[in-house]
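Counting begins at 1 with the first residue of the sequence. Note: hydrogens, waters and symmetry copies are ignored here, and every other heavy atom, side chains too, is used.
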Amino acid sequence: MSSRSGHHQKHHHPQDHGRSPARRPAAHHAAPAAAAVEATGEGYTLVHAGKQVRIGPVVFWIAVGTVVLLGMWSAATATYFAFRDDVLTRLIARQAEMQYAYEDRISELRAKVDRTTSRQLLDQEQFDQKLDQIMKRQSTLESRATALGAMPDATSTGSIKPQGRAEAVPSSGSLKPSPISDTVIFVAPPDREARLESRAPLIAKAQPNQFAKAQGVDNVLVRLQTSLDQVERRQVAALSSVEDGIESRVRRMRGVISDLGLNMAQLEAATPRSGMGGPFVPVKLTPDAGAFERQLYRININRAQMQRLNQTLALVPYRKPVVGEVEFTSGFGVRSDPFLGRPAMHTGLDFRAAQGDPVRVTANGKVVSAGWAGGYGRMVEVDHGNGLSTRYGHLSEIGVKVGETVKIGQVIGAVGSTGRSTGPHLHYETRIDGEAVDPQKFLRAGVRLSAG
């Protein structure tokens, strides 16, 4: 096989000398059947089919390396094709897993955005509802304030107003409602192209984030609700005070008429009525009327009754005929006659007054007598209807005529000392069906009506 050629040529086996040289060609004849590589000092010799090809060691090892690389590449290729399906399967599975993870994350973010959007929409809807409720409540309170402001002074009694000389007249201390002075004005919120504000401007502060901003708006709404609560409480308090005052006065009026022994039906029938009319429209409450509307309805009903009683009591002489502090020089009843010194019936009250002081009629009525009347001197008698009448005696002068209609507080004469009199004063009488009754009974009723 492989051996150095010099060795074969120089060294021969001893037995080879006895052999026939003819056998060598046979050996050379069989050589072409295989290739051989012989190594020499200068390289490698490739023998094939009797031909020799000498190559260097570099080329030889390049060829060997190439063969080895081709073998390794073949082995790697075979391994790749053998395990290619598993690799692709794992790669596809990994990509699918990543895609699913991305889709899950996207779905989670989308759900989070939807929740945030829904929460914002819900907060916006709730805010709009609260703001709408506040604005409706403000409108209601303003209408209530208008109703309270339009309500007249229901406690007015029609008492005689002093003219000339000052007089301390007891007045009712009932509260008269006034319109709301601190009504809150609303417009749309900031995120709806406007801002909330009250009549007292709020100090705007920079909000660090949306949560703080929402909290700030909520605080504004709470303050507005609190302000409206205070306004409503004041309105309810004013309305309750008016209702209590009217109810109390109606009770006092009815009590006065009852204490005086007067017939309410007869007094109402005798009350003169001015021209009025119109279709009858009954007062009704709406089904959704609240406590304020029902209370206002009761007040209107009671106020109408009080006005009717005021008109009726305008015919009852419970007021003073002179201005100033009441001081009697002689009361009603049995007394010693100032001229004869004997017991006598005094049918009225003698009011201390100065010469020429004005004398005023104590109730509406018609003058039925105006002139000289014996011991009365100059005297005026006024018929108030329903059997009630008043007399004013010892006048120095008379300012009305028979048949003239007079109103409460109208001056009908002046204090004097005419007739059977010992000095300037006013003799004042009240009569029921022609019979003299104590005027102090009516005066006390007037004090009672004016007490509250």
Side-chain angles (χ1 to χ4, degrees), residues 160 252-272 309 311-322 326 328-340 342-353 359-395 398 400 402-408 410 412-413 415 418-421 425-449:
I160 298 175
R252 288 196 302 271
M253 288 178 172
R254 294 184 181 277
V256 164
I257 293 175
S258 177
D259 292 344
L260 292 177
L262 303 177
N263 188 299
M264 183 66 185
Q266 293 180 357
L267 286 175
E268 289 182 347
T271 302
L309 289 173
Q311 293 175 355
T312 300
L313 288 174
L315 301 177
V316 178
Y318 63 85
R319 300 159 184 86
K320 296 183 299 181
V322 294
V326 175
F328 305 131
T329 58
S330 181
F332 177 86
V334 179
R335 68 172 182 176
S336 177
D337 185 78
F339 292 97
L340 300 177
R342 293 183 298 178
M345 183 65 184
H346 188 224
T347 57
L349 289 176
D350 289 343
F351 286 87
R352 184 185 301 276
V359 176
R360 305 173 186 278
V361 67
T362 56
N364 296 339
K366 180 183 292 187
V367 178
V368 294
S369 177
W372 192 269
Y376 289 102
R378 290 189 179 92
M379 186 267 291
V380 173
E381 183 175 0
V382 179
D383 182 13
H384 304 288
N386 195 35
L388 287 173
S389 62
T390 53
R391 292 181 179 180
Y392 310 84
H394 308 309
L395 302 178
I398 297 175
V400 292
V402 175
E404 182 178 347
T405 300
V406 291
K407 300 294 183 180
I408 298 172
Q410 179 177 339
I412 58 175
V415 174
T418 58
R420 201 167 182 267
S421 171
H425 71 282
L426 173 66
H427 177 82
Y428 174 70
E429 292 184 5
T430 56
R431 293 178 175 265
I432 299 178
D433 295 330
E435 183 179 351
V437 295
D438 189 357
Q440 291 195 57
K441 184 177 182 180
F442 289 86
L443 296 177
R444 284 193 295 268
V447 173
R448 178 181 174 186
L449 286 176

Exercise for the section: Take Ser389 and His384 through the test side-chain hydrogen bond (donor to acceptor under 3.5 Å, both in side chains) and record every step on the way to the result. Expected result: CA-CA 5 Å; Ser389 62; His384 304 288; over 6 Å; no

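- Ring planes of Phe351 and Tyr428: perpendicular class, angle over 60° (limits at 30 and 60°).
- Looking at heavy atoms from C-beta onward, Leu388 lies in side-chain contact with Pro317 at the 4.5 angstrom threshold.
- The minimum heavy-atom distance linking Pro343 with Val334 is given by the pair CB-CG1, 4.3 Å.
- Contact detail for Ala363 and Ala314: the closest heavy-atom pair is CB-O, 3.3 Å.
- For the atom pair Leu309 CG and Met253 CE, the distance stands at 6.0 Å (nearest 0.5 Å).
- Here His346 and Phe332 keep their ring centres 6.0 angstrom or further from each other.
- Expressed to the nearest 0.5 Å, how far CG of Leu313 lies from CD1 of Ile408 amounts to 9.0 Å.
- The shortest distance between side-chain heavy atoms of Asp337 and Arg420 falls below 4.5 Å.
- In summary, Asp259 and Arg448 engage in a salt bridge, as defined by a charged side-chain N under 4.0 Å from a carboxylate O.
- Atom CZ of Arg319 sits about 11.5 Å away from atom OG1 of Thr390, to the nearest 0.5 Å.
- Annotation: side chain of Glu404 is in contact with side chain of Gln410 (closest heavy-atom distance under 4.5 Å).
- The distance from atom CE of Met379 to atom OG1 of Thr418, rounded to the nearest 0.5 Å, is 10.5 Å.
- A side-chain donor from one of Glu429 and Tyr376 sits under 3.5 Å from a side-chain acceptor of the other.
- Under the 3.5 Å distance criterion, the side-chain polar atoms of Thr430 are matched with a main-chain donor or acceptor of Val437.
- Here OG1 of Thr362 is found 10.5 Å from OH of Tyr318. Values are rounded to the nearest 0.5 Å.
- For Ser258, there are no side chain to side chain contact (heavy atoms under 4.5 Å, CB included) partners two or more places apart in sequence or in a different chain.
- Side-chain contact between Trp372 and Leu395 is absent, with no heavy-atom pair separated by less than 4.5 Å.
- Here the side chains of Val359 and Val415 are in contact, with some heavy-atom distance below 4.5 Å.
- Taking CZ of Arg391 as the reference point, atom OG1 of Thr347 lies at 7.5 Å (rounded to 0.5 Å).
- Pro439 and Leu349 get closest at one heavy-atom pair: CB-CD1, 3.7 Å.
- None of Leu315, Thr405, Val406 except one satisfies the side-chain contact (heavy atoms from CB on, under 4.5 Å) rule with Asn364; the exception is Leu315.
- The backbone N or O of Ile432 lies less than 3.5 Å from no partner atom in the side chain of Glu435, so there is not a single donor-acceptor pair.
- When Val367, Val400, Ile398 are each tested for a side-chain contact (heavy atoms from CB on, under 4.5 Å) with Ile412, only one passes: Val400.
- Under 3.5 Å, the side chains of Ser330 and Arg335 contain a donor-acceptor pair of N or O atoms.
- A salt bridge does not link Asp383 to Arg431: none of the charged side-chain nitrogens sits closer than 4.0 Å to a carboxylate oxygen.
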Exercise for the section: Kindly indicate, with the supporting measurements, whether the criterion side chain to side chain contact (heavy atoms under 4.5 Å, CB included) is fulfilled by His425 and His394. Expected result: CA-CA 7 Å; His425 71 282; His394 308 309; 3.2 Å; yes

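- Considering only heavy atoms from C-beta on, Phe328 stays 4.5 Å or farther from Asp350 through its side chain.
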